[in-house]
Amino acid sequence: MAQWQHPAWVNWLYPSALSSSERIGRYSTFFSTVEVGSTFYTKVEQTQLLRWFDAVVDDFQFCFKAPQTVTHRLSDRPWNEIQRDWLVFIESLQPLQSKLGPTMLQFPATCDERSLDKVLALCDMWTLETPLSVEVRHLAYFDKVHTERYLLTGLSERGVNRVVMDSRPVFSTEAYCESLVDAQSKKPRVPCHPIATAQHPVIRFIGHPDLPRNDVWLEQWAAKLSQWLLEGLSPFVFVHSSDNIAAPTLAAQLDQKIQLLSPNYQPVLQLPQSQEQSSLW
(Lines give C-alpha, C1' and ligand atoms only; values in the text may rest on other atoms or scores of the structure.)
Protein backbone atom coordinates (compact mmCIF):
# COMPACT_ATOMS: atom_id res chain seq x y z
CA MET A 1 0.00 0.00 0.00
CA ALA A 2 0.91 3.67 -0.23
CA GLN A 3 -0.05 4.06 3.45
CA TRP A 4 -0.87 2.00 6.48
CA GLN A 5 -3.40 4.35 8.08
CA HIS A 6 -6.92 4.54 6.65
CA PRO A 7 -10.12 4.92 8.71
CA ALA A 8 -11.99 2.56 6.37
CA TRP A 9 -9.58 -0.26 7.26
CA VAL A 10 -10.58 -0.22 10.94
CA ASN A 11 -12.74 -3.26 11.81
CA TRP A 12 -11.23 -4.99 8.80
CA LEU A 13 -7.44 -4.92 8.74
CA TYR A 14 -7.33 -3.40 12.22
CA PRO A 15 -9.46 -4.20 15.27
CA SER A 16 -11.15 -1.08 16.56
CA ALA A 17 -9.35 -1.51 19.88
CA LEU A 18 -5.94 -1.29 18.20
CA SER A 19 -4.30 2.11 18.68
CA SER A 20 -3.14 4.05 15.63
CA SER A 21 0.49 3.65 16.71
CA GLU A 22 0.12 -0.14 16.67
CA ARG A 23 -1.33 -0.36 13.16
CA ILE A 24 1.99 -0.46 11.31
CA GLY A 25 2.84 -3.67 13.19
CA ARG A 26 -0.48 -5.24 12.26
CA TYR A 27 -0.11 -3.98 8.67
CA SER A 28 3.24 -5.77 8.39
CA THR A 29 1.57 -9.12 9.05
CA PHE A 30 -0.47 -8.71 5.83
CA PHE A 31 1.84 -6.77 3.52
CA SER A 32 5.57 -7.09 2.94
CA THR A 33 6.28 -3.42 2.25
CA VAL A 34 4.82 0.09 2.40
CA GLU A 35 5.43 3.32 0.52
CA VAL A 36 6.16 6.02 3.11
CA GLY A 37 5.28 9.49 1.90
CA SER A 38 5.69 11.32 5.20
CA THR A 39 9.45 11.64 4.70
CA PHE A 40 8.74 13.50 1.45
CA TYR A 41 6.66 16.16 3.16
CA THR A 42 8.53 16.71 6.39
CA LYS A 43 11.54 15.68 8.44
CA VAL A 44 10.62 12.56 10.41
CA GLU A 45 12.56 12.32 13.65
CA GLN A 46 15.04 9.47 13.99
CA THR A 47 13.21 8.20 17.07
CA GLN A 48 10.02 7.83 15.03
CA LEU A 49 11.81 6.00 12.23
CA LEU A 50 13.22 3.56 14.76
CA ARG A 51 9.81 3.04 16.39
CA TRP A 52 8.40 2.03 13.00
CA PHE A 53 11.43 -0.20 12.43
CA ASP A 54 10.91 -2.00 15.74
CA ALA A 55 7.14 -2.37 15.25
CA VAL A 56 7.19 -4.44 12.05
CA VAL A 57 8.07 -8.08 11.44
CA ASP A 58 11.66 -8.97 10.59
CA ASP A 59 11.26 -9.44 6.83
CA PHE A 60 9.24 -6.25 6.27
CA GLN A 61 10.71 -3.52 4.05
CA PHE A 62 10.01 0.22 4.10
CA CYS A 63 10.19 2.28 0.90
CA PHE A 64 10.79 5.85 2.01
CA LYS A 65 10.40 8.82 -0.31
CA ALA A 66 13.26 11.31 -0.44
CA PRO A 67 12.48 14.79 0.90
CA GLN A 68 10.85 17.24 -1.49
CA THR A 69 13.65 19.70 -0.69
CA VAL A 70 15.87 17.31 -2.67
CA THR A 71 13.61 16.26 -5.53
CA HIS A 72 11.31 19.23 -6.10
CA ARG A 73 13.75 22.11 -5.72
CA LEU A 74 16.42 21.21 -8.27
CA SER A 75 15.99 24.44 -10.22
CA ASP A 76 15.66 26.98 -7.41
CA ARG A 77 18.00 25.78 -4.64
CA PRO A 78 21.78 25.82 -4.57
CA TRP A 79 23.16 22.43 -5.61
CA ASN A 80 25.33 22.15 -2.50
CA GLU A 81 22.24 22.53 -0.28
CA ILE A 82 20.39 19.82 -2.19
CA GLN A 83 23.38 17.51 -1.84
CA ARG A 84 23.57 18.25 1.88
CA ASP A 85 19.88 17.42 2.46
CA TRP A 86 20.21 14.22 0.44
CA LEU A 87 23.25 13.06 2.41
CA VAL A 88 21.51 13.85 5.72
CA PHE A 89 18.50 11.79 4.62
CA ILE A 90 20.69 8.87 3.54
CA GLU A 91 22.43 8.96 6.90
CA SER A 92 19.06 8.85 8.70
CA LEU A 93 18.24 5.58 6.89
CA GLN A 94 21.53 3.92 7.78
CA PRO A 95 20.26 2.22 10.98
CA LEU A 96 17.20 0.90 9.11
CA GLN A 97 19.02 -0.91 6.31
CA SER A 98 17.95 -4.43 7.29
CA LYS A 99 14.32 -3.38 6.64
CA LEU A 100 14.72 -1.11 3.62
CA GLY A 101 13.25 -1.68 0.21
CA PRO A 102 13.92 0.71 -2.69
CA THR A 103 14.13 4.28 -1.45
CA MET A 104 12.33 6.59 -3.90
CA LEU A 105 13.58 9.73 -5.58
CA GLN A 106 10.28 11.06 -6.96
CA PHE A 107 10.70 14.02 -9.31
CA PRO A 108 7.87 16.35 -10.39
CA ALA A 109 6.61 17.02 -13.91
CA THR A 110 8.56 20.30 -13.89
CA CYS A 111 11.81 18.30 -13.75
CA ASP A 112 12.61 18.01 -17.47
CA GLU A 113 15.58 16.62 -19.40
CA ARG A 114 17.74 19.58 -18.39
CA SER A 115 17.79 18.15 -14.85
CA LEU A 116 18.75 14.62 -15.85
CA ASP A 117 22.43 15.02 -15.02
CA LYS A 118 21.49 16.17 -11.52
CA VAL A 119 19.08 13.25 -11.15
CA LEU A 120 21.88 10.83 -12.00
CA ALA A 121 24.31 12.73 -9.76
CA LEU A 122 21.96 12.16 -6.81
CA CYS A 123 21.93 8.47 -7.70
CA ASP A 124 25.73 8.49 -7.63
CA MET A 125 25.63 9.79 -4.06
CA TRP A 126 23.65 6.78 -2.80
CA THR A 127 25.92 4.90 -0.38
CA LEU A 128 23.61 2.34 1.24
CA GLU A 129 23.60 -1.33 0.26
CA THR A 130 19.82 -1.21 -0.18
CA PRO A 131 18.06 -0.42 -3.51
CA LEU A 132 17.33 3.03 -4.89
CA SER A 133 14.55 3.94 -7.33
CA VAL A 134 13.72 6.97 -9.47
CA GLU A 135 10.32 8.22 -10.61
CA VAL A 136 10.12 10.89 -13.32
CA ARG A 137 6.96 12.59 -14.57
CA HIS A 138 7.98 14.99 -17.34
CA LEU A 139 6.85 13.64 -20.71
CA ALA A 140 10.34 14.07 -22.17
CA TYR A 141 11.34 10.97 -20.19
CA PHE A 142 8.78 8.88 -22.08
CA ASP A 143 9.86 9.68 -25.65
CA LYS A 144 11.21 6.13 -26.25
CA VAL A 145 14.17 7.73 -28.01
CA HIS A 146 16.89 10.11 -26.78
CA THR A 147 15.89 11.31 -23.30
CA GLU A 148 14.25 8.10 -22.16
CA ARG A 149 17.13 6.03 -23.52
CA TYR A 150 19.65 8.25 -21.70
CA LEU A 151 17.63 7.91 -18.48
CA LEU A 152 17.29 4.13 -18.74
CA THR A 153 20.95 3.68 -19.57
CA GLY A 154 21.99 5.92 -16.69
CA LEU A 155 19.80 4.08 -14.20
CA SER A 156 20.87 0.66 -15.47
CA GLU A 157 24.57 1.50 -15.27
CA ARG A 158 24.08 2.56 -11.65
CA GLY A 159 21.86 -0.36 -10.66
CA VAL A 160 19.00 2.05 -9.90
CA ASN A 161 15.38 0.97 -10.43
CA ARG A 162 12.93 2.94 -12.52
CA VAL A 163 9.55 3.52 -10.89
CA VAL A 164 6.76 2.62 -13.33
CA MET A 165 3.63 4.67 -12.78
CA ASP A 166 0.40 3.14 -14.09
CA SER A 167 -2.38 5.71 -13.80
CA ARG A 168 -4.31 4.39 -16.82
CA PRO A 169 -7.23 3.08 -14.73
CA VAL A 170 -8.14 6.41 -13.11
CA PHE A 171 -8.00 8.21 -16.45
CA SER A 172 -10.02 5.55 -18.27
CA THR A 173 -13.37 7.27 -17.55
CA GLU A 174 -14.65 10.73 -16.87
CA ALA A 175 -14.37 11.82 -13.25
CA TYR A 176 -17.88 10.91 -12.19
CA CYS A 177 -17.23 10.84 -8.42
CA GLU A 178 -15.29 12.88 -5.90
CA SER A 179 -12.44 10.37 -5.54
CA LEU A 180 -11.86 10.31 -9.31
CA VAL A 181 -11.91 14.11 -9.50
CA ASP A 182 -9.26 14.16 -6.78
CA ALA A 183 -7.17 11.39 -8.35
CA GLN A 184 -7.24 12.92 -11.84
CA SER A 185 -6.19 16.28 -10.44
CA LYS A 186 -3.25 14.86 -8.46
CA LYS A 187 -1.95 11.75 -10.19
CA PRO A 188 0.39 12.08 -13.17
CA ARG A 189 -0.98 11.09 -16.56
CA VAL A 190 2.13 9.57 -18.08
CA PRO A 191 2.69 6.63 -20.43
CA CYS A 192 3.14 3.27 -18.74
CA HIS A 193 6.50 1.85 -19.83
CA PRO A 194 7.13 -1.35 -17.82
CA ILE A 195 10.90 -1.49 -18.13
CA ALA A 196 13.18 -2.89 -15.43
CA THR A 197 16.55 -1.16 -15.09
CA ALA A 198 17.74 -3.08 -12.01
CA GLN A 199 16.91 -5.96 -9.68
CA HIS A 200 13.91 -4.35 -7.94
CA PRO A 201 11.56 -2.64 -10.42
CA VAL A 202 8.95 -0.54 -8.63
CA ILE A 203 5.35 -0.33 -9.84
CA ARG A 204 2.80 2.20 -8.62
CA PHE A 205 -0.67 1.11 -9.79
CA ILE A 206 -3.56 3.58 -9.37
CA GLY A 207 -6.81 1.64 -9.50
CA HIS A 208 -10.27 2.75 -10.61
CA PRO A 209 -13.04 2.86 -7.93
CA ASP A 210 -15.21 0.59 -10.11
CA LEU A 211 -13.21 -2.51 -9.17
CA PRO A 212 -14.10 -4.82 -12.11
CA ARG A 213 -12.76 -2.19 -14.53
CA ASN A 214 -9.26 -2.87 -13.19
CA ASP A 215 -9.16 -6.49 -14.34
CA VAL A 216 -7.60 -5.81 -17.75
CA TRP A 217 -4.71 -3.86 -16.23
CA LEU A 218 -4.26 -6.25 -13.31
CA GLU A 219 -4.00 -9.11 -15.80
CA GLN A 220 -1.36 -7.23 -17.77
CA TRP A 221 0.63 -6.64 -14.61
CA ALA A 222 0.24 -10.23 -13.48
CA ALA A 223 1.81 -11.34 -16.77
CA LYS A 224 4.66 -8.83 -16.54
CA LEU A 225 5.36 -9.58 -12.87
CA SER A 226 5.31 -13.32 -13.54
CA GLN A 227 7.87 -12.75 -16.31
CA TRP A 228 10.09 -10.67 -14.03
CA LEU A 229 9.90 -13.24 -11.26
CA LEU A 230 10.85 -15.96 -13.74
CA GLU A 231 13.86 -13.83 -14.74
CA GLY A 232 14.97 -13.65 -11.11
CA LEU A 233 13.91 -10.06 -10.44
CA SER A 234 12.29 -8.98 -7.16
CA PRO A 235 9.71 -6.29 -7.99
CA PHE A 236 8.00 -4.02 -5.48
CA VAL A 237 4.35 -3.24 -6.22
CA PHE A 238 2.35 -0.46 -4.56
CA VAL A 239 -1.37 -0.54 -5.21
CA HIS A 240 -3.42 2.61 -4.81
CA SER A 241 -7.05 3.27 -5.66
CA SER A 242 -8.70 6.62 -6.20
CA ASP A 243 -9.67 6.82 -2.52
CA ASN A 244 -7.40 3.95 -1.32
CA ILE A 245 -10.27 2.22 0.48
CA ALA A 246 -10.24 -0.70 -1.93
CA ALA A 247 -6.49 -0.76 -2.50
CA PRO A 248 -5.93 -3.87 -0.32
CA THR A 249 -8.59 -5.75 -2.28
CA LEU A 250 -6.97 -4.81 -5.60
CA ALA A 251 -3.59 -5.96 -4.27
CA ALA A 252 -5.09 -9.31 -3.27
CA GLN A 253 -6.68 -9.69 -6.72
CA LEU A 254 -3.32 -9.05 -8.37
CA ASP A 255 -1.67 -11.59 -6.09
CA GLN A 256 -4.27 -14.19 -7.09
CA LYS A 257 -3.79 -13.48 -10.81
CA ILE A 258 -0.04 -14.01 -10.48
CA GLN A 259 -0.70 -17.32 -8.75
CA LEU A 260 -2.84 -18.48 -11.70
CA LEU A 261 -0.03 -17.69 -14.15
CA SER A 262 2.80 -19.04 -12.00
CA PRO A 263 1.93 -22.36 -10.33
CA ASN A 264 5.13 -22.24 -8.26
CA TYR A 265 4.31 -18.79 -6.92
CA GLN A 266 3.43 -18.78 -3.24
CA PRO A 267 0.68 -16.22 -2.58
CA VAL A 268 1.73 -13.88 0.19
CA LEU A 269 -1.38 -11.76 0.71
CA GLN A 270 -4.17 -13.16 2.89
CA LEU A 271 -6.63 -10.46 3.92
CA PRO A 272 -9.14 -10.98 6.72
CA GLN A 273 -12.71 -11.68 5.69
CA SER A 274 -15.34 -9.68 7.53
CA GLN A 275 -18.76 -8.15 7.17
CA GLU A 276 -17.11 -4.74 7.32
CA GLN A 277 -14.99 -5.58 4.28
CA SER A 278 -17.91 -6.61 2.10
CA SER A 279 -19.93 -3.54 3.07
CA LEU A 280 -17.27 -1.06 1.94
CA TRP A 281 -17.99 -1.37 -1.79
Query raised in the report: Does the side chain of Gln220 reach to within under 4.5 Å of the side chain of Arg168, using non-hydrogen atoms?
Result: yes
Query raised in the report: For the rings on Trp4 and Trp9, is their centre-to-centre separation under 6.0 Å?
Result: no
Requested in this report: State whether the side chain of Ser185 and the backbone N or O of Val181 hold a donor-acceptor pair below 3.5 Å, judged by distance alone.
Outcome: yes
Query raised in the report: Does Tyr41 OH have over 12 foreign heavy atoms under 6.0 Å away?
Result: no
Query raised in the report: Is the closest basic N to carboxylate O distance between Asp76 and Arg73 below 4.0 Å?
Result: yes
**Report entry** Pair Lys187 + Asp182, salt bridge at N-O below 4.0 Å
**Finding:** no
Query - Polar side-chain atom of Asn11 near backbone of Pro15 as donor-acceptor pair, under 3.5 Å - result: no
Requested in this report: Look only at the side chain of Arg204 and the backbone of Val163, and say whether a donor-acceptor pair between them is shorter than 3.5 Å.
Outcome: no
Query raised in the report: Taking the side chain from His240 and the backbone from Phe205, do they hold a donor-acceptor pair closer than 3.5 Å?
Result: no
Report task. Begin with the C-alpha distance, continue with both residues' side-chain angles, and end with the deciding distance and a verdict on salt bridge (Lys or Arg N to Asp or Glu O under 4.0 Å) for Arg158 and Asp124. Result -> CA-CA 7 Å; Arg158 292 162 174 80; Asp124 288 333; 2.7 Å; yes
Query raised in the report: Do the charged groups of Glu45 and Lys43 touch, with an N to O distance under 4.0 Å?
Result: no
Query raised in the report: Is the NZ or CZ atom of Arg162 positioned over Phe142's six-membered ring, under 6.0 angstrom from the centre and within 45° of the axis?
Result: yes
Query raised in the report: With side chains defined as the heavy atoms from C-beta onward, is the minimum distance between Leu271 and Leu13 less than 4.5 Å?
Result: yes
Query raised in the report: How are the rings of His138 and Tyr141 set relative to one another: parallel (under 30°), tilted (30 to 60°) or perpendicular (over 60°)?
Result: perpendicular
Query raised in the report: Considering only heavy atoms from C-beta outward, does the side chain of Ile206 approach that of Met165 to under 4.5 Å?
Result: yes
Query raised in the report: Do Ile245 and His6 come close enough that some side-chain heavy atom pair is under 4.5 Å?
Result: yes
Query raised in the report: Is the closest basic N to carboxylate O distance between Glu81 and Arg77 below 4.0 Å?
Result: yes
Report task. Could you tell me whether the side chain of Tyr27 and the main chain of Met1 form a donor-acceptor pair under 3.5 Å? Result -> yes
Query - Over-ring placement of Lys99 relative to Phe53, 6.0 Å and 45° cut-offs - result: yes
Query raised in the report: Got a sec: does the CD of Gln227 have more than 12 other heavy atoms crowding it under 6.0 Å?
Result: yes
Report task. Determine, step by step, whether Gln199 and Asn161 satisfy the side chain to side chain donor-acceptor pair (under 3.5 Å) criterion, reporting the C-alpha distance in whole Å, the side-chain angles of both residues, the deciding distance to 0.1 Å, and the verdict. Result -> CA-CA 7 Å; Gln199 181 65 28; Asn161 303 277; over 6 Å; no
Query raised in the report: Does Trp86 use its side chain to pair, donor to acceptor, with the backbone of Leu122 at less than 3.5 Å?
Result: yes
